[in-house]
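One structure is given here, and the rest of the page talks about it.
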Amino acid sequence: MRENLKEIEKEALKRVDGVASVAGLETVRAKYLGRKGELTLLLRSLYKLPETERKVVGQKANELKVKLEKAIEAKKNLFLKGTFKGQLEQEWLDVTQPGEKFKVGSLHPVTKIIKELSDIFSSMGYEIAEGPEAEDDYHNFEALNMPPEHPARDAWDTFYLTNGLVMRTHTTSVDVRVLEKRKPPLRIFIPGRVYRYEAEDATHLSVLHQLDGFVVDKNISFSDLKGTLISVMQILLGKNIKVRFRPSFFPFTEPSAEVDVSCVMCGGKGCRSCGGDGWLELLGSGMIHPQVLRNVGLDPKEYSGFAFGMGLDRLAMLKYKIDDVREFMKGDLRFLNQF
Ligand code: DAH
């Protein structure tokens, strides 16, 4: 057994020496000191020896056990120190470096225009309203004084859905919906997406944005319409902008006017953007047609109102000096990040 002990000592210390990882050390520990380890078994079989021999060998075996445990611990500490150092090196951090900037998104130019106009109209006491984009024929056309087969419908190239609805061609349909539900006095604005069956090019989209607005109350006159739209355009585009009203026709207003502003690019001198005449056509407007008021249950002798509608994509193009409206729909970050 003494021989055996020597053998174990030599072998075990050699293994501890040669081990290359903490896990390897645990294997060595199990092999000698574990429940069925060689040294453990030897200690357990000491009772077989005569008493004097047992004392000597027992002491030696216990000494070896302690020695082995120490050797294992010492080596383990070495490993841990090594990995800790490695870890420190790997995870080293220069806390004096400036932080990395994270990217903040920006608002789409059309969204910005909607927000600006929302602020302007809210400050004038208007409420925002919304309506469905898939609209019935009645609200998109008929209630706006365009019965089926009315030739004026030709002015709007319409997407017809198979379920009898249309993709709304203007946000004016929501004017009707609000007027059906609520009693005057009303001041409402309606930003939203509208659809036109249209070949797309630098100035035309088939999905575009409009903002309609209207006021209905007693004694609303054309001068209210003029004053309102002049103020809105000057707040939006600058005090020096000139506004001009041109007679026009819409089935749902009488009289009707188109509203031009002096060209924001050239200041009215004439350039490519305004086609050379110094004016940009921005809005349709007019006094709400008596028949439209009747359609929503109002008596035109008692109530009157004005309405207007503008294209937001065109407005955003002018305000942000963009020359191709298709950029709005591409989602190209190089374009969008500029705003
Ligand atoms: N709905 C018209 C269009 O799409 C614009 C418009 C004109 C709206 C006159 C109105 C209005 O509310 O009164 O071209």
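Counting convention: from 1, in listed order, for ligands and their atoms alike.
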Subject >> CA sep, side-chain torsions, deciding dist, call: Phe328, His108, ring pair (Phe, Tyr, Trp, His ring centres under 6.0 Å) >> reply: CA-CA 8 Å; Phe328 288 155; His108 192 283; 5.5 Å; yes
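Side-chain atoms of Thr253 do not come within 3.5 Å of backbone N or O of Ser256 as any donor-acceptor pair. With hydrogens and angles ignored, the 3.5 Å screen pairs no side-chain donor or acceptor of Lys242 with any backbone N or O of Trp279.
The aromatic ring centres of Phe121 and Phe308 sit less than 6.0 Å apart. Taking the six-membered ring for Trp, Phe339 and Tyr320 have ring centres closer than 6.0 Å.
Ionic pairing of Glu127 and Arg182 is present here: one or more N-O contacts between side-chain nitrogen and carboxylate oxygen are shorter than 4.0 angstrom.
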Show the distances, to 0.1 Å, for all pairs joining an N/O atom of ligand 1 and a protein N/O atom that are shorter than 3.5 Å, listing one pair per line.
residue, atom, partner, partner atom, Å
ligand 1, 1 (N), His170, ND1, 3.0
ligand 1, 1 (N), Thr172, OG1, 2.8
ligand 1, 4 (O), Trp156, NE1, 3.2
ligand 1, 4 (O), Arg196, NH2, 3.0
ligand 1, 4 (O), Gln210, NE2, 3.0
ligand 1, 12 (O), Asp212, OD2, 2.6
ligand 1, 12 (O), Phe308, N, 3.4
ligand 1, 12 (O), Phe308, O, 3.2
ligand 1, 13 (O), Ala307, O, 3.2

